[in-house]
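Predicted model only: the values in this text are computed from it and were never measured.
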Amino acid sequence: MTIRVLLVDDQPLLRTGFRLILEAEPDITVVGQAGDGKDAMEQTRALLPDVVLMDIRMPGVDGIEATRRIVREAAPSAHVPKVLVLTTFDLDEYIVEALRSGASGFLLKDVPPDELVQAIRVVAAGDAIVAPSVTRRLLDRFAKRLPSAYEQAAPARLDRLTERELEVLRLIAKGMSNAEIAAKLVVSETTVKTHVGNVLTKLGLRDRVQAVVLAYETGLITPGALS
């Protein structure tokens with residue numbers, strides 16, 4: 001399967017660089033480019049990309065609002081594009097909002113080419129990019145300042161989970177992969193995948209990224225509790 005990618009960034013040179021990297025791959029094709037969020041939304045409707053590589057800070061409609069609208073508009077349809085957000089270290093505070101808006105993950109703009117390519121393949125396959133080193137730093141820094149959308153409903157929502165599923169959710173929130181969780185709990189990776197699926201279904205979450213944010217917002221895990 002060829003992965004169709006839409007590049008969104010207000011810097012033409014960056015778009016050109018990303019395009020050269022991606023089109024060197026046999027299973028990826030760049031179907032379009034956009035310089036702002038409004039153009040990104042229009043091209044998403046017209047081109048139906050599998051993955052939108054989205055910058056955050058752009059003139060007019062920014063990447064967060066564009067992500068929110070793209071995901072919301074596509075939700076009822078059979079084709080739901082995955083949004084992979086690009087950022088720089090000085091834009092950390094925007095990342096959690098991007099994840100809340102429906103992004104499937106985020107990358108730093110100086111990401112090595114092979115990691116960019118792999119990230120696009122991962123989100124295209126329906127998974128999410130949760131880079132532990134960056135995710136932990138972001139959530140540690142901003143979790144206490146974020147308004148909690150789930151604050152009142154948290155106890156009832158988490159009560160839907162078994163003790164083992166709660167344990168798995170805590171480990172997801174610490175940035176652990178399925179393999180790492182399996183090793184810690186001394187179970188098979190298949191069993192972990194089943195638990196992860198149950199957690200997402202019971203809590204009405206789209207992917208692991210939303211699970212991480214929810215775990216912090218409900219107080220299941222708190223900044224600093226990453227050991």
Side-chain angles (χ1 to χ4, degrees), residues 1-88 91 93-111 113 115-131 134-135 149 200 204-213:
M1 183 187 76
T2 299
I3 302 170
R4 296 163 53 82
V5 178
L6 174 65
L7 301 177
V8 184
D9 196 294
D10 63 341
Q11 299 182 48
L13 283 177
L14 274 177
R15 295 201 306 268
T16 299
F18 288 137
R19 182 168 200 145
L20 290 173
I21 291 168
L22 298 180
E23 293 204 325
E25 301 298 321
D27 59 336
I28 297 176
T29 183
V30 176
V31 296
Q33 299 183 45
D36 58 53
K38 182 175 181 295
D39 192 16
M41 292 184 291
E42 293 172 352
Q43 292 207 46
T44 298
R45 296 187 197 105
L47 301 174
L48 299 178
D50 300 305
V51 177
V52 179
L53 197 61
M54 180 79 75
D55 188 18
I56 286 185
R57 182 166 288 180
M58 296 180 291
V61 179
D62 65 17
I64 293 174
E65 181 60 24
T67 296
R68 183 179 295 113
R69 295 186 194 179
I70 286 171
V71 173
R72 183 174 62 224
E73 289 180 11
S77 70
H79 182 84
V80 181
K82 307 296 184 183
V83 180
L84 190 55
V85 171
L86 293 169
T87 185
T88 53
L91 294 180
E93 192 161 14
Y94 294 92
I95 294 303
V96 175
E97 286 306 316
L99 298 179
R100 284 177 170 171
S101 299
S104 292
F106 59 88
L107 296 173
L108 300 177
K109 280 193 173 182
D110 60 356
V111 62
E115 291 184 21
L116 170 64
V117 170
Q118 181 59 22
I120 287 174
R121 290 178 178 142
V122 167
V123 297
D127 208 339
I129 292 296
V130 183
V134 181
T135 303
L200 299 182
L205 303 174
R206 187 187 64 252
D207 54 38
R208 296 170 75 99
V209 176
Q210 289 192 338
V212 171
V213 175

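Of all non-hydrogen atoms in A124 and V51, the two that sit nearest each other are CB-CG2, 3.8 Å. The two residues A66 and V61 come nearest to each other via the heavy atoms N-CG1, 3.9 Å. Of all the heavy atoms in S104 and K82, the pair that sits closest is OG-CD, 3.7 Å. Taking every heavy atom of both residues into account, V52 and P81 meet most closely at CG2-CB, 4.3 Å. Looking at every heavy atom in both residues, G102 comes nearest to T67 through C-CG2, 4.1 Å. Scanning both residues, I21 and P113, for their nearest heavy atoms gives CG2-CB, 3.9 Å.
We find the CG-CG distance between D62 and D55 to be 9.5 Å, quoted to the nearest 0.5 Å. Here the straight-line distance linking atom CD1 of I3 with atom CG of L22 works out to 9.5 Å at 0.5 Å rounding. Taken from CG in L84 to CG in L116, the straight-line distance is 7.5 Å, to the nearest 0.5 Å.
Residues passing the salt bridge (charged side-chain N to carboxylate O under 4.0 Å, His left out) test with R68, sequence neighbours excluded: E65. Here R45 pairs with E73 under the salt bridge (charged side-chain N to carboxylate O under 4.0 Å, His left out) rule; sequence neighbours left out.
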Could you go through residues 28-37 and list every donor-acceptor pair under 3.5 Å that involves a side-chain atom there, pairing it with any protein atom two or more places apart or in another chain?
{"residue": "Q33", "atom": "OE1", "partner": "R15", "partner atom": "NE", "Å": "2.9"}
{"residue": "D36", "atom": "OD1", "partner": "K38", "partner atom": "N", "Å": "3.1"}
{"residue": "D36", "atom": "OD1", "partner": "D39", "partner atom": "N", "Å": "2.8"}

> salt bridge (charged side-chain N to carboxylate O under 4.0 Å, His left out) between D27 and R121: does it pass, once the steps are laid out?
Replying inline: CA-CA 9 Å; D27 59 336; R121 290 178 178 142; 2.8 Å; yes
> Passes side-chain contact (heavy atoms from CB on, under 4.5 Å), T44 versus L48? Steps please.
Replying inline: CA-CA 5 Å; T44 298; L48 299 178; over 6 Å; no
>> Determine whether R57 and D10 satisfy the following criterion, salt bridge (charged side-chain N to carboxylate O under 4.0 Å, His left out), listing intermediate values before the conclusion.
In response: CA-CA 8 Å; R57 182 166 288 180; D10 63 341; over 6 Å; no
